[in-house]
Amino acid sequence: MKKKIPEASNVTPSDFIIIGGAGDLSLRKIIPALFWRFLDNQINSNSSVIICVHNQISIDQLKSKLIPHCKEAIAKDIHNKEKWAQFIDLLNIVVLDVITGLGANDLSILLKKRIDIKRPLIFYLAISSSLFGHACRLIEKAKLNLPQSRLVVEKPIGHNKLSAIEINNQLSEFFQEHQIYRIDHYLGKETVQNLMALRFANTFFENQWDNKNIDNVQITVAETIGVEDRVSYYNEYGAIRDMLQNHLLQLICLVAMEPPSYFDADQVRDEKLRVLKALKPLDITEMQIGQYQGYKSELGEVSNTETFVSLKVSIDNWRWAGVPFYIRTGKKMSIRASEIIITFKKKPHDIFSKLKDRKEDDAPNRLIIRVQPQEGLKLKLTSKAPGPGGMRLFPSELNLSFGDTFANRLPDAYERLLMDVARGNQTLFMRLDEVLAAWDYIDPIVEIARQNPPQLYRAGTMGPEDTILLSKGHLWIDPKDYKE
Ligand code: BG6
(Lines give C-alpha, C1' and ligand atoms only; values in the text may rest on other atoms or scores of the structure.)
Protein backbone atom coordinates (compact mmCIF):
# COMPACT_ATOMS: atom_id res chain seq x y z
CA MET A 1 0.00 0.00 0.00
CA LYS A 2 1.19 3.49 -0.81
CA LYS A 3 2.18 5.69 2.13
CA LYS A 4 0.23 8.87 2.79
CA ILE A 5 2.43 11.89 3.37
CA PRO A 6 1.38 13.91 6.46
CA GLU A 7 -0.63 17.08 5.71
CA ALA A 8 1.46 20.15 4.99
CA SER A 9 1.49 22.72 7.78
CA ASN A 10 -0.35 26.02 7.26
CA VAL A 11 1.61 29.13 6.54
CA THR A 12 0.83 32.62 7.80
CA PRO A 13 -1.62 34.43 5.48
CA SER A 14 0.56 36.45 3.14
CA ASP A 15 0.33 38.88 0.26
CA PHE A 16 2.07 37.65 -2.89
CA ILE A 17 2.81 40.48 -5.32
CA ILE A 18 4.06 39.18 -8.66
CA ILE A 19 5.79 41.84 -10.70
CA GLY A 20 5.83 40.56 -14.28
CA GLY A 21 2.62 38.74 -13.39
CA ALA A 22 1.43 38.07 -16.94
CA GLY A 23 4.82 36.74 -18.07
CA ASP A 24 5.73 33.19 -18.89
CA LEU A 25 7.25 32.31 -15.49
CA SER A 26 4.28 33.67 -13.59
CA LEU A 27 1.68 31.91 -15.75
CA ARG A 28 3.52 28.60 -16.02
CA LYS A 29 5.00 28.27 -12.57
CA ILE A 30 4.23 30.86 -9.90
CA ILE A 31 0.43 31.21 -10.06
CA PRO A 32 -0.19 27.46 -10.65
CA ALA A 33 2.07 26.72 -7.65
CA LEU A 34 -0.01 29.08 -5.51
CA PHE A 35 -3.18 27.37 -6.72
CA TRP A 36 -1.87 23.91 -5.75
CA ARG A 37 -1.01 25.27 -2.29
CA PHE A 38 -4.49 26.79 -2.08
CA LEU A 39 -5.98 23.38 -2.91
CA ASP A 40 -3.97 21.86 -0.08
CA ASN A 41 -5.24 24.63 2.26
CA GLN A 42 -1.72 25.81 2.88
CA ILE A 43 -2.80 29.23 1.79
CA ASN A 44 -6.38 30.30 2.27
CA SER A 45 -8.68 33.17 1.39
CA ASN A 46 -6.98 35.40 3.97
CA SER A 47 -4.02 35.56 1.59
CA SER A 48 -4.00 37.66 -1.54
CA VAL A 49 -2.25 37.47 -4.88
CA ILE A 50 -1.58 40.71 -6.73
CA ILE A 51 -0.63 40.32 -10.35
CA CYS A 52 1.29 43.38 -11.56
CA VAL A 53 1.14 43.67 -15.33
CA HIS A 54 2.67 46.05 -17.80
CA ASN A 55 -0.35 46.18 -20.11
CA GLN A 56 -3.96 46.19 -18.94
CA ILE A 57 -5.56 42.75 -18.89
CA SER A 58 -8.90 41.67 -17.44
CA ILE A 59 -9.35 38.90 -14.87
CA ASP A 60 -11.13 36.83 -17.51
CA GLN A 61 -8.25 37.20 -19.95
CA LEU A 62 -5.78 36.26 -17.22
CA LYS A 63 -7.93 33.31 -16.25
CA SER A 64 -7.98 31.96 -19.77
CA LYS A 65 -4.18 32.29 -20.01
CA LEU A 66 -3.85 30.41 -16.71
CA ILE A 67 -6.24 27.54 -17.41
CA PRO A 68 -3.84 25.51 -19.62
CA HIS A 69 -1.29 25.56 -16.78
CA CYS A 70 -3.78 24.83 -14.00
CA LYS A 71 -5.99 22.30 -15.73
CA GLU A 72 -4.43 19.27 -14.03
CA ALA A 73 -5.08 20.85 -10.63
CA ILE A 74 -8.62 21.92 -11.57
CA ALA A 75 -9.48 18.44 -12.83
CA LYS A 76 -7.90 16.52 -9.96
CA ASP A 77 -10.95 16.54 -7.71
CA ILE A 78 -14.64 17.09 -8.23
CA HIS A 79 -14.65 20.08 -5.82
CA ASN A 80 -11.67 21.76 -7.41
CA LYS A 81 -13.76 23.75 -9.87
CA GLU A 82 -15.29 25.58 -6.89
CA LYS A 83 -11.84 26.05 -5.36
CA TRP A 84 -10.62 27.42 -8.69
CA ALA A 85 -13.37 30.08 -8.60
CA GLN A 86 -12.42 30.94 -4.99
CA PHE A 87 -8.76 31.17 -5.98
CA ILE A 88 -9.56 33.49 -8.89
CA ASP A 89 -11.32 35.74 -6.33
CA LEU A 90 -8.00 36.12 -4.50
CA LEU A 91 -6.35 37.59 -7.58
CA ASN A 92 -6.09 41.34 -8.12
CA ILE A 93 -4.59 42.97 -11.17
CA VAL A 94 -2.57 46.18 -10.99
CA VAL A 95 -1.09 47.89 -14.03
CA LEU A 96 2.45 48.82 -13.10
CA ASP A 97 5.35 50.34 -14.96
CA VAL A 98 8.48 49.70 -12.92
CA ILE A 99 10.50 52.26 -14.88
CA THR A 100 8.14 55.25 -14.65
CA GLY A 101 6.60 54.17 -11.34
CA LEU A 102 3.10 54.38 -12.82
CA GLY A 103 0.69 52.29 -10.75
CA ALA A 104 2.77 52.40 -7.53
CA ASN A 105 0.02 54.34 -5.87
CA ASP A 106 -2.66 51.77 -6.81
CA LEU A 107 -0.47 49.04 -5.38
CA SER A 108 0.00 50.81 -2.11
CA ILE A 109 -3.73 51.61 -1.79
CA LEU A 110 -4.55 47.95 -2.41
CA LEU A 111 -2.10 46.75 0.20
CA LYS A 112 -2.58 49.47 2.79
CA LYS A 113 -5.60 47.90 4.44
CA ARG A 114 -3.76 44.61 4.88
CA ILE A 115 -0.45 45.85 6.18
CA ASP A 116 0.36 44.12 9.42
CA ILE A 117 3.80 43.33 10.75
CA LYS A 118 2.91 39.64 11.12
CA ARG A 119 1.78 39.33 7.53
CA PRO A 120 4.57 38.65 5.02
CA LEU A 121 4.58 40.98 2.03
CA ILE A 122 6.23 38.92 -0.71
CA PHE A 123 7.41 40.70 -3.86
CA TYR A 124 8.28 38.22 -6.60
CA LEU A 125 10.32 39.90 -9.34
CA ALA A 126 9.43 37.76 -12.35
CA ILE A 127 11.12 40.27 -14.66
CA SER A 128 14.50 40.72 -16.29
CA SER A 129 17.30 41.38 -13.79
CA SER A 130 17.99 44.67 -15.59
CA LEU A 131 14.71 45.91 -14.05
CA PHE A 132 15.36 44.73 -10.47
CA GLY A 133 16.75 48.10 -9.39
CA HIS A 134 13.72 49.95 -10.77
CA ALA A 135 11.33 47.52 -9.09
CA CYS A 136 13.06 47.93 -5.71
CA ARG A 137 12.93 51.72 -6.01
CA LEU A 138 9.21 51.51 -6.81
CA ILE A 139 8.55 49.32 -3.76
CA GLU A 140 10.43 51.81 -1.61
CA LYS A 141 8.58 54.78 -3.13
CA ALA A 142 5.24 53.08 -2.52
CA LYS A 143 6.33 52.76 1.15
CA LEU A 144 6.03 49.00 0.93
CA ASN A 145 9.57 48.18 1.96
CA LEU A 146 8.65 47.20 5.50
CA PRO A 147 10.31 44.84 8.00
CA GLN A 148 7.96 42.04 6.87
CA SER A 149 8.66 42.60 3.15
CA ARG A 150 10.52 39.88 1.26
CA LEU A 151 11.96 39.97 -2.21
CA VAL A 152 12.13 36.91 -4.45
CA VAL A 153 14.45 37.01 -7.46
CA GLU A 154 15.17 34.49 -10.16
CA LYS A 155 18.36 33.53 -11.89
CA PRO A 156 20.21 34.61 -13.96
CA ILE A 157 21.58 37.10 -11.47
CA GLY A 158 23.95 38.80 -13.89
CA HIS A 159 25.98 37.33 -16.71
CA ASN A 160 29.29 37.38 -14.82
CA LYS A 161 30.60 38.23 -11.36
CA LEU A 162 30.81 41.95 -12.03
CA SER A 163 27.22 42.29 -13.23
CA ALA A 164 26.02 40.03 -10.39
CA ILE A 165 27.65 42.44 -7.93
CA GLU A 166 25.97 45.42 -9.63
CA ILE A 167 22.54 43.78 -9.51
CA ASN A 168 22.99 42.79 -5.90
CA ASN A 169 24.07 46.32 -5.01
CA GLN A 170 20.77 47.52 -6.45
CA LEU A 171 18.85 45.04 -4.30
CA SER A 172 20.83 45.74 -1.15
CA GLU A 173 20.33 49.47 -1.50
CA PHE A 174 16.75 48.80 -0.38
CA PHE A 175 16.60 45.29 1.10
CA GLN A 176 18.71 43.45 3.65
CA GLU A 177 20.17 40.02 2.89
CA HIS A 178 17.68 38.30 5.23
CA GLN A 179 14.83 39.75 3.10
CA ILE A 180 16.23 38.50 -0.24
CA TYR A 181 15.29 35.05 -1.57
CA ARG A 182 17.35 34.07 -4.65
CA ILE A 183 15.56 31.15 -6.25
CA ASP A 184 17.33 28.21 -7.80
CA HIS A 185 14.34 26.00 -8.47
CA TYR A 186 16.51 22.86 -8.48
CA LEU A 187 16.82 23.25 -4.72
CA GLY A 188 13.04 22.98 -4.41
CA LYS A 189 12.91 19.61 -6.17
CA GLU A 190 11.95 16.76 -3.85
CA THR A 191 14.79 14.42 -4.75
CA VAL A 192 17.35 17.18 -4.41
CA GLN A 193 16.21 17.82 -0.86
CA ASN A 194 16.12 14.10 -0.31
CA LEU A 195 19.82 14.00 -1.04
CA MET A 196 20.35 15.87 2.23
CA ALA A 197 18.02 13.49 4.07
CA LEU A 198 19.75 10.48 2.52
CA ARG A 199 23.19 11.68 3.52
CA PHE A 200 22.51 13.24 6.90
CA ALA A 201 19.52 11.33 8.30
CA ASN A 202 21.20 7.94 7.78
CA THR A 203 24.54 6.57 8.83
CA PHE A 204 25.48 4.06 6.19
CA PHE A 205 25.86 6.32 3.15
CA GLU A 206 27.73 9.04 4.99
CA ASN A 207 30.26 6.47 6.20
CA GLN A 208 31.05 5.64 2.58
CA TRP A 209 30.90 9.17 1.27
CA ASP A 210 34.53 10.00 0.45
CA ASN A 211 37.49 9.32 -1.81
CA LYS A 212 38.32 6.07 -0.02
CA ASN A 213 35.01 4.57 -1.11
CA ILE A 214 33.73 6.56 -4.08
CA ASP A 215 35.31 6.14 -7.48
CA ASN A 216 33.50 8.88 -9.41
CA VAL A 217 30.33 10.93 -9.51
CA GLN A 218 28.30 11.67 -12.63
CA ILE A 219 25.63 14.33 -12.84
CA THR A 220 23.48 14.60 -15.94
CA VAL A 221 20.75 17.16 -16.55
CA ALA A 222 19.49 16.32 -20.02
CA GLU A 223 16.56 17.97 -21.74
CA THR A 224 14.84 16.90 -24.94
CA ILE A 225 13.46 20.38 -25.64
CA GLY A 226 15.47 22.97 -27.54
CA VAL A 227 15.57 26.67 -26.80
CA GLU A 228 12.06 27.26 -28.21
CA ASP A 229 10.73 30.80 -27.83
CA ARG A 230 13.56 31.83 -25.47
CA VAL A 231 16.12 31.84 -28.23
CA SER A 232 17.25 35.46 -27.84
CA TYR A 233 17.67 35.14 -24.04
CA TYR A 234 19.38 31.78 -24.45
CA ASN A 235 21.74 32.96 -27.12
CA GLU A 236 23.08 35.55 -24.70
CA TYR A 237 23.53 33.05 -21.86
CA GLY A 238 24.18 29.55 -23.20
CA ALA A 239 24.21 26.32 -21.21
CA ILE A 240 27.12 27.36 -18.98
CA ARG A 241 25.34 30.39 -17.54
CA ASP A 242 21.78 29.11 -17.90
CA MET A 243 22.26 25.73 -16.19
CA LEU A 244 25.81 25.12 -14.96
CA GLN A 245 26.35 28.33 -12.96
CA ASN A 246 23.32 27.58 -10.85
CA HIS A 247 21.47 24.23 -11.00
CA LEU A 248 24.43 21.94 -11.64
CA LEU A 249 26.78 23.68 -9.22
CA GLN A 250 24.08 23.45 -6.55
CA LEU A 251 23.77 19.71 -7.16
CA ILE A 252 27.55 19.34 -6.81
CA CYS A 253 27.38 21.27 -3.54
CA LEU A 254 24.72 19.01 -2.06
CA VAL A 255 26.63 15.86 -3.02
CA ALA A 256 29.97 17.16 -1.79
CA MET A 257 29.23 19.37 1.24
CA GLU A 258 30.23 18.49 4.78
CA PRO A 259 27.41 17.85 7.26
CA PRO A 260 26.32 21.14 8.82
CA SER A 261 25.96 20.98 12.60
CA TYR A 262 22.24 21.56 12.27
CA PHE A 263 19.74 22.09 9.49
CA ASP A 264 19.62 25.84 9.41
CA ALA A 265 19.77 28.25 6.48
CA ASP A 266 23.17 29.74 7.19
CA GLN A 267 24.77 26.49 8.33
CA VAL A 268 23.72 24.73 5.12
CA ARG A 269 24.77 27.66 2.97
CA ASP A 270 28.14 27.96 4.75
CA GLU A 271 28.89 24.34 3.86
CA LYS A 272 27.79 24.77 0.23
CA LEU A 273 29.97 27.86 -0.03
CA ARG A 274 33.01 25.84 1.13
CA VAL A 275 32.46 23.42 -1.75
CA LEU A 276 32.18 26.24 -4.30
CA LYS A 277 35.41 27.71 -2.99
CA ALA A 278 37.17 24.33 -3.25
CA LEU A 279 36.35 23.83 -6.96
CA LYS A 280 39.58 23.57 -8.89
CA PRO A 281 39.83 25.92 -11.90
CA LEU A 282 39.37 24.03 -15.16
CA ASP A 283 41.42 23.96 -18.29
CA ILE A 284 40.22 23.31 -21.82
CA THR A 285 41.10 19.60 -21.68
CA GLU A 286 38.56 19.13 -18.91
CA MET A 287 35.61 20.61 -20.70
CA GLN A 288 33.62 20.15 -23.85
CA ILE A 289 30.98 22.35 -25.39
CA GLY A 290 28.48 21.57 -28.09
CA GLN A 291 25.67 23.08 -30.08
CA TYR A 292 22.79 21.11 -31.55
CA GLN A 293 22.44 21.10 -35.31
CA GLY A 294 19.70 23.48 -36.38
CA TYR A 295 20.26 25.96 -33.53
CA LYS A 296 21.59 28.65 -35.86
CA SER A 297 18.61 28.40 -38.17
CA GLU A 298 16.24 28.73 -35.17
CA LEU A 299 18.17 31.84 -34.18
CA GLY A 300 18.42 33.13 -37.72
CA GLU A 301 22.11 34.05 -37.43
CA VAL A 302 25.55 32.59 -36.87
CA SER A 303 26.28 31.93 -33.21
CA ASN A 304 28.82 30.11 -31.06
CA THR A 305 26.51 29.82 -28.07
CA GLU A 306 26.75 26.39 -26.47
CA THR A 307 23.61 24.31 -25.92
CA PHE A 308 25.62 21.51 -24.29
CA VAL A 309 28.47 21.51 -21.80
CA SER A 310 30.31 18.78 -20.01
CA LEU A 311 33.08 19.11 -17.46
CA LYS A 312 35.36 17.11 -15.30
CA VAL A 313 35.17 18.91 -11.98
CA SER A 314 37.71 18.39 -9.21
CA ILE A 315 37.14 19.40 -5.61
CA ASP A 316 40.29 20.35 -3.81
CA ASN A 317 39.77 19.05 -0.30
CA TRP A 318 40.56 15.95 1.77
CA ARG A 319 37.21 14.26 1.27
CA TRP A 320 37.15 14.51 -2.51
CA ALA A 321 40.77 14.64 -3.67
CA GLY A 322 41.12 12.33 -6.69
CA VAL A 323 37.38 11.77 -7.25
CA PRO A 324 36.25 13.15 -10.61
CA PHE A 325 32.79 14.73 -10.76
CA TYR A 326 31.64 14.41 -14.38
CA ILE A 327 28.94 16.92 -15.16
CA ARG A 328 26.89 17.39 -18.33
CA THR A 329 23.83 19.27 -19.40
CA GLY A 330 22.30 19.98 -22.76
CA LYS A 331 19.25 20.74 -24.84
CA LYS A 332 17.76 18.48 -27.53
CA MET A 333 19.29 15.39 -26.04
CA SER A 334 17.95 11.89 -26.47
CA ILE A 335 16.15 11.73 -23.12
CA ARG A 336 14.75 14.06 -20.48
CA ALA A 337 16.49 13.00 -17.32
CA SER A 338 18.27 14.58 -14.39
CA GLU A 339 20.24 12.21 -12.25
CA ILE A 340 23.21 11.83 -9.99
CA ILE A 341 25.15 8.58 -10.12
CA ILE A 342 27.62 7.74 -7.39
CA THR A 343 29.88 4.85 -8.38
CA PHE A 344 31.64 3.17 -5.47
CA LYS A 345 35.10 1.64 -5.66
CA LYS A 346 35.45 -2.03 -6.41
CA LYS A 347 35.84 -4.40 -3.50
CA PRO A 348 39.47 -4.89 -2.44
CA HIS A 349 39.39 -8.66 -2.93
CA ASP A 350 36.98 -10.98 -4.72
CA ILE A 351 36.31 -14.15 -2.72
CA PHE A 352 34.11 -15.49 -5.54
CA SER A 353 36.74 -15.29 -8.25
CA LYS A 354 37.25 -19.09 -8.35
CA LEU A 355 33.57 -19.97 -8.70
CA LYS A 356 32.88 -22.18 -11.67
CA ASP A 357 30.56 -20.74 -14.36
CA ARG A 358 30.97 -17.29 -13.00
CA LYS A 359 29.17 -14.92 -15.36
CA GLU A 360 28.74 -11.91 -13.10
CA ASP A 361 30.63 -8.94 -14.48
CA ASP A 362 31.78 -7.71 -11.09
CA ALA A 363 29.88 -4.45 -11.50
CA PRO A 364 30.61 -1.85 -8.83
CA ASN A 365 27.94 -0.69 -6.40
CA ARG A 366 26.12 2.36 -7.65
CA LEU A 367 23.73 4.78 -6.05
CA ILE A 368 21.45 6.43 -8.59
CA ILE A 369 19.54 9.47 -7.46
CA ARG A 370 16.86 10.21 -10.02
CA VAL A 371 15.94 13.89 -9.71
CA GLN A 372 13.35 13.75 -12.52
CA PRO A 373 11.27 12.28 -14.02
CA GLN A 374 10.36 9.04 -12.14
CA GLU A 375 11.88 10.47 -8.97
CA GLY A 376 13.57 7.95 -6.76
CA LEU A 377 16.69 6.21 -5.54
CA LYS A 378 18.28 2.99 -6.66
CA LEU A 379 21.16 1.12 -5.12
CA LYS A 380 22.78 -1.30 -7.53
CA LEU A 381 24.14 -4.38 -5.79
CA THR A 382 25.30 -7.89 -6.54
CA SER A 383 23.32 -10.71 -4.95
CA LYS A 384 22.87 -14.46 -5.18
CA ALA A 385 20.48 -15.93 -7.70
CA PRO A 386 17.87 -17.83 -5.68
CA GLY A 387 17.72 -21.61 -5.82
CA PRO A 388 20.00 -24.58 -5.28
CA GLY A 389 21.96 -24.01 -8.47
CA GLY A 390 25.15 -23.07 -6.63
CA MET A 391 26.51 -19.68 -5.77
CA ARG A 392 25.47 -17.76 -8.85
CA LEU A 393 25.86 -14.01 -8.59
CA PHE A 394 23.79 -11.51 -10.48
CA PRO A 395 23.23 -7.75 -10.51
CA SER A 396 20.19 -6.60 -8.56
CA GLU A 397 18.97 -3.42 -6.95
CA LEU A 398 17.19 -1.81 -4.03
CA ASN A 399 14.64 0.53 -5.48
CA LEU A 400 12.80 3.42 -3.83
CA SER A 401 10.48 4.93 -6.38
CA PHE A 402 8.74 7.95 -4.89
CA GLY A 403 5.79 7.57 -7.26
CA ASP A 404 5.24 3.92 -6.22
CA THR A 405 5.88 4.54 -2.52
CA PHE A 406 3.91 7.67 -1.75
CA ALA A 407 0.23 8.19 -2.45
CA ASN A 408 0.41 11.97 -2.78
CA ARG A 409 1.53 13.82 -5.88
CA LEU A 410 5.01 15.27 -5.67
CA PRO A 411 4.67 19.05 -5.53
CA ASP A 412 6.47 21.23 -8.03
CA ALA A 413 9.65 22.94 -6.79
CA TYR A 414 7.99 26.37 -6.87
CA GLU A 415 5.27 25.26 -4.44
CA ARG A 416 7.82 24.33 -1.82
CA LEU A 417 9.94 27.41 -2.42
CA LEU A 418 7.03 29.86 -2.28
CA MET A 419 5.86 28.37 1.02
CA ASP A 420 9.39 28.66 2.39
CA VAL A 421 9.41 32.36 1.52
CA ALA A 422 6.11 32.77 3.40
CA ARG A 423 7.61 30.89 6.37
CA GLY A 424 10.77 33.01 6.21
CA ASN A 425 13.02 29.99 5.69
CA GLN A 426 16.04 30.80 3.48
CA THR A 427 17.71 27.35 3.55
CA LEU A 428 16.86 26.53 -0.06
CA PHE A 429 17.76 29.96 -1.43
CA MET A 430 21.16 31.16 -2.52
CA ARG A 431 23.02 33.61 -0.38
CA LEU A 432 24.96 36.40 -2.09
CA ASP A 433 28.38 34.93 -1.29
CA GLU A 434 27.31 31.62 -2.90
CA VAL A 435 26.24 33.37 -6.10
CA LEU A 436 29.52 35.25 -6.28
CA ALA A 437 31.61 32.14 -5.56
CA ALA A 438 29.73 30.34 -8.34
CA TRP A 439 30.63 33.16 -10.74
CA ASP A 440 34.30 32.98 -9.63
CA TYR A 441 34.33 29.42 -10.91
CA ILE A 442 32.22 30.05 -14.00
CA ASP A 443 33.73 33.27 -15.41
CA PRO A 444 36.96 31.55 -16.62
CA ILE A 445 34.89 28.69 -18.06
CA VAL A 446 32.82 31.15 -20.08
CA GLU A 447 36.06 32.67 -21.31
CA ILE A 448 37.38 29.26 -22.45
CA ALA A 449 34.07 28.63 -24.23
CA ARG A 450 34.30 32.02 -25.94
CA GLN A 451 37.65 31.09 -27.42
CA ASN A 452 36.62 27.61 -28.58
CA PRO A 453 33.72 27.12 -30.97
CA PRO A 454 31.25 24.43 -29.88
CA GLN A 455 31.20 21.02 -31.55
CA LEU A 456 27.99 20.32 -33.41
CA TYR A 457 25.85 17.39 -32.26
CA ARG A 458 22.77 15.81 -33.71
CA ALA A 459 19.49 16.60 -31.98
CA GLY A 460 18.26 13.51 -30.15
CA THR A 461 21.72 12.35 -29.06
CA MET A 462 23.60 12.72 -25.78
CA GLY A 463 25.81 15.54 -27.12
CA PRO A 464 29.02 15.60 -29.17
CA GLU A 465 30.31 12.13 -29.89
CA ASP A 466 33.90 12.17 -28.66
CA THR A 467 33.45 12.38 -24.93
CA ILE A 468 36.93 13.65 -24.20
CA LEU A 469 36.11 14.38 -20.62
CA LEU A 470 36.02 11.01 -19.04
CA SER A 471 39.33 9.86 -17.65
CA LYS A 472 40.59 6.69 -15.99
CA GLY A 473 38.53 4.49 -18.32
CA HIS A 474 35.21 5.85 -17.02
CA LEU A 475 32.24 5.89 -19.35
CA TRP A 476 29.13 8.03 -19.24
CA ILE A 477 26.25 6.00 -17.88
CA ASP A 478 23.18 6.63 -19.96
CA PRO A 479 20.10 7.69 -18.02
CA LYS A 480 17.96 5.19 -19.92
CA ASP A 481 19.62 2.44 -17.86
CA TYR A 482 17.58 3.70 -14.93
CA LYS A 483 14.44 2.03 -16.23
CA GLU A 484 16.05 -1.38 -16.61
C1 BG6 B 1 15.79 26.83 -16.22
C2 BG6 B 1 16.57 27.08 -17.47
O3 BG6 B 1 16.41 27.43 -15.13
O4 BG6 B 1 15.72 25.43 -16.00
C5 BG6 B 1 15.93 26.39 -18.65
O6 BG6 B 1 16.61 28.49 -17.72
C7 BG6 B 1 15.74 24.91 -18.37
O8 BG6 B 1 16.70 26.55 -19.84
C9 BG6 B 1 15.04 24.73 -17.03
O10 BG6 B 1 14.95 24.36 -19.41
C11 BG6 B 1 15.04 23.25 -16.64
O12 BG6 B 1 14.25 23.09 -15.50
P13 BG6 B 1 13.52 21.70 -15.20
O14 BG6 B 1 12.86 21.92 -13.89
O15 BG6 B 1 12.56 21.46 -16.33
O16 BG6 B 1 14.61 20.68 -15.16
Side-chain angles (χ1 to χ4, degrees), residues 20 23-30 32-33 36 69 72 124-129 152-159 164 181-195 219-252 254 289-292 295 298-299 303 305-309 327-340 369-376 402 409-418 428-430 434-435 438-439 442 446 454 459 462-463 479 482:
D24 191 56
L25 176 69
S26 170
L27 297 174
R28 274 191 320 113
K29 294 288 184 186
I30 308 172
W36 277 112
H69 307 291
E72 189 199 332
Y124 199 125
L125 306 190
I127 47 178
S128 151
S129 58
V152 186
V153 292
E154 277 278 337
K155 62 150 267 264
I157 299 177
H159 53 271
Y181 292 72
R182 296 179 193 83
I183 284 206
D184 181 318
H185 77 279
Y186 263 62
L187 292 177
K189 291 189 190 273
E190 281 297 324
T191 337
V192 174
Q193 292 167 52
N194 224 305
L195 188 55
I219 303 181
T220 297
V221 175
E223 297 182 272
T224 47
I225 54 166
V227 293
E228 320 217 303
D229 46 6
R230 299 161 75 223
V231 65
S232 62
Y233 151 81
Y234 194 89
N235 196 49
E236 227 185 285
Y237 282 84
I240 297 173
R241 291 190 271 214
D242 183 50
M243 295 293 285
L244 177 64
Q245 191 270 349
N246 34 78
H247 307 325
L248 280 103
L249 286 189
Q250 287 294 323
L251 294 181
I252 296 177
L254 294 180
I289 51 172
Q291 185 188 77
Y292 64 77
Y295 174 79
E298 277 177 53
L299 179 68
S303 163
T305 297
E306 74 291 346
T307 60
F308 169 93
V309 58
I327 312 296
R328 64 179 167 174
T329 181
K331 302 259 184 218
K332 290 233 174 153
M333 296 179 79
S334 57
I335 189 168
R336 174 176 177 255
S338 301
E339 66 186 25
I340 302 168
I369 300 158
R370 183 38 96 99
V371 175
Q372 66 186 22
Q374 298 164 302
E375 293 84 347
F402 291 177
R409 72 175 260 283
L410 288 181
D412 183 74
Y414 280 86
E415 296 175 47
R416 163 75 202 249
L417 294 173
L418 280 161
L428 300 178
F429 298 83
M430 287 180 295
E434 279 183 89
V435 176
W439 280 121
I442 293 295
V446 172
M462 287 307 280
Y482 187 81

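Computed from a prediction, not measured in an experiment: that's the story for all the values here. Counting starts at 1 for both ligands and their atoms, following the listed order. Scope of the values below: all heavy atoms of this structure, side chains included, with no hydrogens, waters or symmetry mates.
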Next item on the list: From the options Lys155, His247, Gln250, Lys29, select the one residue that forms a side-chain contact (heavy atoms from CB on, under 4.5 Å) with His185.
Entry: His247

Item checked: Listed partners of Ser303 passing side-chain hydrogen bond (donor to acceptor under 3.5 Å, both in side chains), at least two apart -> Asn235, Thr305

Next item on the list: Under the side-chain hydrogen bond (donor to acceptor under 3.5 Å, both in side chains) rule, collect the residues that match up with Tyr414, sequence neighbours excluded.
Entry: Glu154

Note to self: Distance check, rounded to the nearest 0.5 Å: Lys331 atom NZ versus Glu228 atom CD?
What the structure shows: 8.0 Å

Note to self: Hydrogens and angles aside, do Tyr292 and Glu298 bring a side-chain donor and acceptor to less than 3.5 Å of each other?
What the structure shows: yes

Next item on the list: Using a strict cut-off of under 4.0 Å between a residue heavy atom and any atom of ligand 1, list the qualifying protein residues by chain and number.
Entry: Lys155, His185, Tyr186, Lys189, Glu223, Arg230, Asp242, Met243, His247, Lys331, Gln372

Item checked: salt bridge (Lys or Arg N to Asp or Glu O under 4.0 Å) partners for Glu190, two or more places apart -> none

